[in-house]
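Side chains included, hydrogens not; waters and symmetry mates left out as well; all remaining heavy atoms used. Just so it is clear: chains get the letters A, B, ... in the order the sequence lines come, proteins before strands, and each one is counted from 1.
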Amino acid sequence: MTTSSSSGNLVQASTAGAQPVDLAPGHKRGLLLSNPVLLAAGIVGYGDAVAPGLDLDQLGGFVTAPITRRAWRRRPPQVIEVPGGILWRRGPWNPGVRRVIRDHAATWKRSFAAVIAHVAGDDPDDIAAVAGVLEDLPGVSGLELDVPGGPRHDPDRAADLIWAAREAADLPVLARLPLAAPDALVQAVLSAGADALVIAQPPPGVSVLEQAGERFLGGLHGPGLVSLVAARLGELATWVEVPLVACGGVHEPAHALTYLAAGGSAVQVDTAAWVDPRLPGRVAQALSD
Amino acid sequence: MQDCTSILLDRHQLGRGFMVRTYWANAERICRPGQFFLLRCGTGWTPYLRRSLFPAGIEQHGLAFWGDPAQDAAIAWLLAQPDGSPLDLIGPLGNGYVVHPQHRRLLLLAEASRLAALLALVGPHLARQGSVGLFLEAPTAADLLVPAALPPAVEYVTATADGSAGETGHLAEALMRGLAWADLVCVAGSRALMRRLRELVPEARMGLRHGFVQALAPVSLACGVGACLSCLVESGTRHGWHRACLRGPVFDLVELAL
């Protein structure tokens with residue numbers, strides 16, 4: 001099956017029978033994927049960190065690692081194992097948008113899978129600057145932004161970030177929400193023009209490092225997230241009208257089926273793809289059966 | 001690099017650890033010492049991540065992995081599997097040690113916990129009529145590799161923290177002599193060992209020149225393909241940060257900021 005992606009690339013869907021899905025039906029460009037399976041932000045870096053056995057051409061797309069306006073190198077990322085998964089303290093570590101484009105734009109242009117750029121930043125001006133640079137880049141089909149959450153969440157600030165991206169770039173915008181995002185925050189993001197919601201950012205987890213006795217804070221990844229994400233997805237599906245993308249927890253094809261049954265339009269596979277590089281392809285195959 | 005179902009062939013005890021032999025087609029042609037493999041320990045999600053393993057022996061169609069099951073979860077898992085079991089291995093990954101024909105006197109320096117990555121250098125170098133000196137530091141005598149495990153031609157020098165074998169504490173005078181003798185040093189150990197070596201080499205060699213010391217970066221390899229960034233190492237030159245799993249894990253010591 002061959003179909004035309006929103007970026008103009010020809011998307012070859014090598015998974016027989018996979019159903020194309022548009023994650024931005026309300027956007028004039030749309031965000032058409034050859035099938036509803038993506039890789040979550042940073043799982044293949046910028047498309048340059050692909051485990052042997054992982055075939056990106058089998059997938060609807062991938063979300064890049066974070067891209068900021070300027071290089072962000074404050075604290076090197078780290079991974080530790082915890083019961084049931086890992087904590088990944090990634091942060092927005094990256095060399096800045098200019099360098100990312102210099103090193104990876106050619107790969108994105110050639111990609112059969114749709115490329116969604118994960119734009120990071122706390123300041124609407126920074127978001128706008130990055131989005132504006134990415135707008136006309138061949139191969140970039142959409143943008144994904146993390147919506148700030150936590151106890152100090154601010155719907156107005158979240159809306160400003162989404163709005164900044166929408167204003168600066170004529171690309172569909174996916175808003176990745178905290179798992180516990182209150183409805184007011186969701187509503188603000190939708191009002192600002194998010195074309196789809198990604199449920200959810202890796203929830204924060206803490207572990208105490210044995211040797212150093214330090215608290216380690218990172219995003220939690222593991223199969224235990226499936227029921228949490230599915231529950232939130234089900235709640236939002238009752239009143240949200242834009243497509244919902246489930247992110248996190250997929251460790252076997254049945255998890256993805258659970259998400260679609262709960263109201264998801266697509267799924268993002270995350271760190272499980274490092275351990276089992278053939279999993280995303282099997283998920284795509286399962287969703288096409 | 002490939003992902004492959006390997007087969008566990010057999011295992012035997014070697015010192016405190018075990019040597020586990022596996023089948024890997026054309027290993028000798030495609031794999032270099034210092035490159036690594038990622039082993040999935042079972043089909044479930046505990047443990048979650050693959051484990052990195054450095055071949056301690058590379059044969060025509062086989063890889064041997066050595067380690068102490070008490071210290072190394074991957075070796076412990078391997079030992080629990082019966083001979084003939086299929087293994088889910090990805091590799092070889094990264095860039096390993098490079099020993100050129102002009103390198104005749106090879107000094108291997110390791111802390112016992114990281115020794116495995118160096119052992120695969122011994123056999124091929126001796127086969128090329130080169131000389132090998134193995135300098136090993138360990139907490140105690142029981143952590144050292146038994147001398148019988150090494151070919152007789154290998155010069156074996158040890159130090160233990162408790163003084164139960166070899167020099168007490170760190171290798172010092174013998175290492176200085178070794179550094180003066182060698183024309184290539186391959187090292188695997190902690191950041192502290194790398195720092196010490198960086199201080200000793202200029203004393204022994206009138207400076208640390210590019211190409212003299214190849215160091216296995218003291219980092220953990222989580223995803224192994226450059227995505228997680230947990231193996232970032234800072235360059236000691238002007239080249240910023242590198243993902244050890246892609247650019248390394250073996251670097252010229254001059255290139256590492258320690």
Do [X] and [Y] have side-chain heavy atoms sitting under 4.5 Å apart?
| X | Y | result |
| --- | --- | --- |
| A/Trp274 | B/Leu38 | no |
| A/Pro52 | B/Val225 | yes |
| A/Pro76 | B/Trp241 | yes |
| B/Tyr48 | A/Pro83 | no |

So how far is it from [X] [atom1] to [Y] [atom2], rounded to the nearest 0.5 Å?
| X | Y | atom1 | atom2 | value |
| --- | --- | --- | --- | --- |
| B/Cys228 | A/His221 | SG | NE2 | 10.5 Å |
| B/Leu229 | A/Arg89 | CG | CZ | 12.0 Å |
| B/Ser230 | A/Arg90 | OG | CZ | 11.0 Å |

ask   = Between A/Trp93 and chain B, which part of the residue has a heavy atom less than 4.5 Å away: side chain, backbone, both or neither?
value =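 Both the backbone and the side chain of A/Trp93 come within 4.5 Å of chain B.
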inquiry  = Below 4.5 Å, heavy-atom pairs only: which of A/Ala65, A/Ala272, A/Pro223 has the largest tally toward chain B?
reply    = A/Ala272
message = Given heavy-atom pairs under 4.5 angstrom as the criterion, report whether the side chain, backbone, both or neither of B/Leu232 touches chain A.
response = side chain
query = Knowing that exactly one of A/Ile86, A/Thr271, A/Ile80 qualifies, which makes a side-chain contact (heavy atoms from CB on, under 4.5 Å) with B/Leu49?
reply =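 Only one of A/Ile86, A/Thr271, A/Ile80 forms a side-chain contact (heavy atoms from CB on, under 4.5 Å) with B/Leu49, namely A/Ile86.
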message = Check this for me: does any side-chain nitrogen of one of A/Glu81 and B/Arg50 sit under 4.0 Å from a carboxylate oxygen of the other?
response = no
inquiry  = Can you tell me which of B/Cys245, B/Ala222, B/Cys223 forms the most heavy-atom pairs within a distance under 4.5 Å of chain A?
reply    = B/Cys223
Heavy-atom pair with the smallest gap, counting every atom of A/Gly42 and B/Ala227 = O-CB, 3.6 Å
inquiry  = Under a 3.5 Å distance rule, please check whether B/Trp45 uses its side chain to pair with a backbone N or O of A/Gly85 as donor and acceptor.
reply    = no
Show which side-chain atoms of residues 44-51 of chain A pair as donor or acceptor with protein atoms under 3.5 Å away, not counting sequence neighbours.
| from | atom 1 | to | atom 2 | distance (Å) |
| --- | --- | --- | --- | --- |
| A/Tyr46 | OH | A/Pro66 | O | 2.6 |
| A/Asp48 | OD1 | A/Tyr46 | N | 2.9 |
| A/Asp48 | OD2 | B/Arg243 | NH1 | 3.2 |
| A/Asp48 | OD2 | B/Arg243 | NH2 | 2.9 |

